[in-house]
Amino acid sequence: MVKAVVGANWGDEGKGKITDMLGENADIIVRFQGGANAGHTIINDYGKFALHTLPSGVFYSHTTSIIGNGVALDIPRLFGEIQSIVEKGVPMPKILVSDRAQIVMSYHKNFDAYEEERLGGKSFGSTKSGIAPFYSDKYAKIGFQVSELFDDELLKEKTVRVAEQKNVLLEHLYHKPLIDPADLYRELKEYKEMIEPYVCNVSLYLYNALKEGKEILLEGQLGSLKDPDHGIYPMVTSSSTLAGYGAIGAGIPPYEIKQIITVCKAYSSAVGAGAFVSEIFGEEADELRRRGGDGGEFGATTGRPRRMGWFDCVASKYGCRLQGTTDVAFTVLDVLGYLDEIPVCVGYEIDGEVTTEFPTTHLLEKAKPVLKTLPGWKCDIRGIKKYEDLPENCRNYIEFIEREIGYPITMISNGPGRRDIIYRNK
């Protein structure tokens with residue numbers, strides 16, 4: 001059986017924790033898209049980790065962790081991440097990397113930084129991890145696939161061709177140092193040495209695993225609103241963040257995905273530019289940011305303070321719909337225990353009219369939040385294991401949001417640890 005863990009919103013919803021938790025009953029965990037531009041923070045018996053490339057199931061000795069063909073593979077980051085977790089006492093995980101995954105090159109990161117510099121005040125708030133240039137090259141068919149590392153003649157020819165093309169931009173648009181094909185070839189040979197022990201025909205491996213009845217978990221990066229087709233374009237990422245893409249990015253049939261767990265925060269947060277209707281500012285935002293997450297709401301990759309807002313029912317309903325949600329995992333609910341009253345965004349006012357449907361970006365930019373205020377529960381809910389033991393106002397908050405978004409909340413996270421979870425039967 002295949003389950004997918006994906007985000008409903010802008011990312012940073014707590015997918016890493018949910019994947020780590022569900023990994024206990026999984027045989028295989030697959031990262032199917034994105035790159036090292038976003039991180040999943042995990043707290044477990046080994047300590048606190050921010051993973052950027054590795055799947056969040058690497059902490060279990062019984063699981064196989066897979067980097068799928070849809071991932072932007074930053075080989076030095078992956079290599080460094082493996083070393084960093086092993087140094088902290090985590091047993092060496094079993095890792096497989098798709099022979100069809102494509103490689104993030106050092107020049108992708110350079111181009112990312114050069115373009116943000118060129119755009120100045122109109123930049124996209126990139127993490128400068130090379131993601132947009134990487135995916136541009138993938139679809140322009142000038143990327144380097146892992147399988148190509150094992151064909152020396154092809155590499156020698158292709159490095160010359162790629163350097164020639166990139167150097168036109170470097171010289172005439174960015175006015176930066178040119179790429180030497182010999183340096184490019186050496187970089188790729190170093191990558192081959194690092195990645196060789198892990199390379200696998202992943203789609204065949206997963207085909208056989210499915211025939212054997214293995215439990216497979218697909219782990220998505222970011223959330224619905226960062227999808228390049230359905231998100232807040234152009235302030236989006238460059239790979240599809242939707243569960244539907246999990247089949248493509250892992251190499252499995254779409255009908256194998258039986259459960260789609262969409263992760264929602266009990267409030268909103270976002271990193272990077274783009275419309276954010278329920279955003280709050282000043283001391284109100286600072287306090288929520290300070291109390292939020294697992295030690296403050298700061299980007300796991302960039303360290304940037306996250307933008308904060310109240311729960312957005314309009315965005316979350318839309319995000320869950322696009323994902324094909326079967327279950328909602330509702331995270332960081334414990335954070336809200338300090339509030340007397342909790343505002344919730346239940347609609348958008350656009351040009352004098354109220355809508356509960358998420359609009360395209362040019363209309364989103366005009367939207368003002370329609371807020372409904374619910375009473376808080378004013379106590380710490382960490383440590384509670386049963387839904388019925390939650391304070392009445394806390395249950396009312398969950399059930400109100402469930403009605404507004406129209407998808408069942410079956411998991412409630414009330415703390416950062418792996419076991420801080422309440423299962424709720426629907």
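Count residues from 1 along the sequence.
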Between [X] and [Y], a side-chain donor and acceptor under 3.5 Å:
X: Tyr267; Y: Glu297; result: yes
X: Tyr174; Y: Glu117; result: no
X: Asp74; Y: Ser129; result: no
X: Gln323; Y: Ser224; result: yes
X: Glu187; Y: Ser106; result: yes
X: Asp137; Y: His108; result: yes
X: Ser240; Y: Asp227; result: yes
X: Asn25; Y: Glu215; result: no
X: Asn69; Y: Ser98; result: no

Does atom [atom1] of [X] have more than 12 heavy-atom neighbours from other groups under 6.0 Å away?
X: Phe150; atom1: CZ; value: yes
X: Glu193; atom1: CD; value: no
X: Arg100; atom1: CZ; value: no
X: Lys368; atom1: NZ; value: no
X: Lys378; atom1: NZ; value: yes

Problem - Check against salt bridge (Lys or Arg N to Asp or Glu O under 4.0 Å), Asp420 and Arg382 - result: CA-CA 7 Å; Asp420 294 328; Arg382 284 196 190 182; 5.7 Å; no

Salt-bridge present ([X], [Y]; N to O < 4.0 Å):
X: Lys15; Y: Glu219; result: no
X: Lys265; Y: Asp12; result: no
X: Lys386; Y: Glu388; result: no
X: Arg289; Y: Asp286; result: yes
X: Arg395; Y: Glu392; result: no

Check whether any side-chain heavy atom of [X] lies under 4.5 Å from a side-chain heavy atom of [Y], and answer yes or no.
X: Leu218; Y: Val5; value: no
X: Thr331; Y: Ile18; value: yes
X: Asn9; Y: Cys264; value: yes
X: Met411; Y: Met21; value: yes
X: Cys200; Y: Tyr198; value: no
X: Leu336; Y: Trp377; value: yes
X: Cys394; Y: Leu333; value: yes
X: Val162; Y: Phe144; value: yes

When rounded to the nearest 0.5 angstrom, what is the spacing between [atom1] in [X] and [atom2] in [Y]?
X: Leu22; Y: Ile29; atom1: CG; atom2: CD1; answer: 9.0 Å
X: Gln33; Y: Thr241; atom1: CD; atom2: OG1; answer: 6.5 Å
X: Thr19; Y: Ile42; atom1: OG1; atom2: CD1; answer: 7.5 Å
X: Lys366; Y: Thr361; atom1: NZ; atom2: OG1; answer: 13.0 Å
X: Tyr318; Y: Ile405; atom1: OH; atom2: CD1; answer: 15.5 Å

Closest non-hydrogen atom pair between [X] and [Y], with its separation:
X: Pro391; Y: Ile384; answer: CD-CD1, 4.4 Å
X: Ser269; Y: Trp10; answer: O-CE3, 3.7 Å
X: Ser268; Y: Asp312; answer: OG-N, 3.6 Å
X: Tyr407; Y: Glu402; answer: O-CG, 3.4 Å
X: Gly14; Y: Val263; answer: C-CG1, 4.0 Å

Practice task
Answer yes if the ring centres of Phe134 and Phe111 are under 6.0 angstrom apart, and no otherwise.
Solution key: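 Not close enough - the centres of the two rings lie 6.0 Å or further apart.
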
Kindly confirm or rule out a cation-pi arrangement of [X] over [Y], judged by NZ or CZ under 6.0 Å from the six-membered ring centre and within 45° of its axis?
X: Arg291; Y: Tyr338; answer: yes
X: Lys88; Y: Phe49; answer: yes
X: Arg424; Y: Tyr387; answer: yes

Practice task
Just say parallel, tilted or perpendicular for the rings of Phe330 and Phe311, cut-offs at 30° and 60°.
Solution key: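 Geometry flag for Phe311 against Phe330: perpendicular rings.
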
Taking [X] for the side chain and [Y] for the main chain, is one N or O donor matched with an acceptor at less than 3.5 Å?
X: Ser136; Y: Ala132; result: yes
X: Glu81; Y: His52; result: yes
X: Arg307; Y: Val271; result: no

Handout entry: Criterion salt bridge (Lys or Arg N to Asp or Glu O under 4.0 Å) on Asp151 and Lys192, from CA distance to verdict
Key = CA-CA 10 Å; Asp151 185 332; Lys192 176 184 181 244; over 6 Å; no

Exercise for the section: Could you list the residues that satisfy side-chain contact (heavy atoms from CB on, under 4.5 Å) with Thr356, not counting sequence neighbours? Expected result: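 If we apply the side-chain contact (heavy atoms from CB on, under 4.5 Å) test to Thr356, skipping adjacent residues, the hits are Lys317.
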
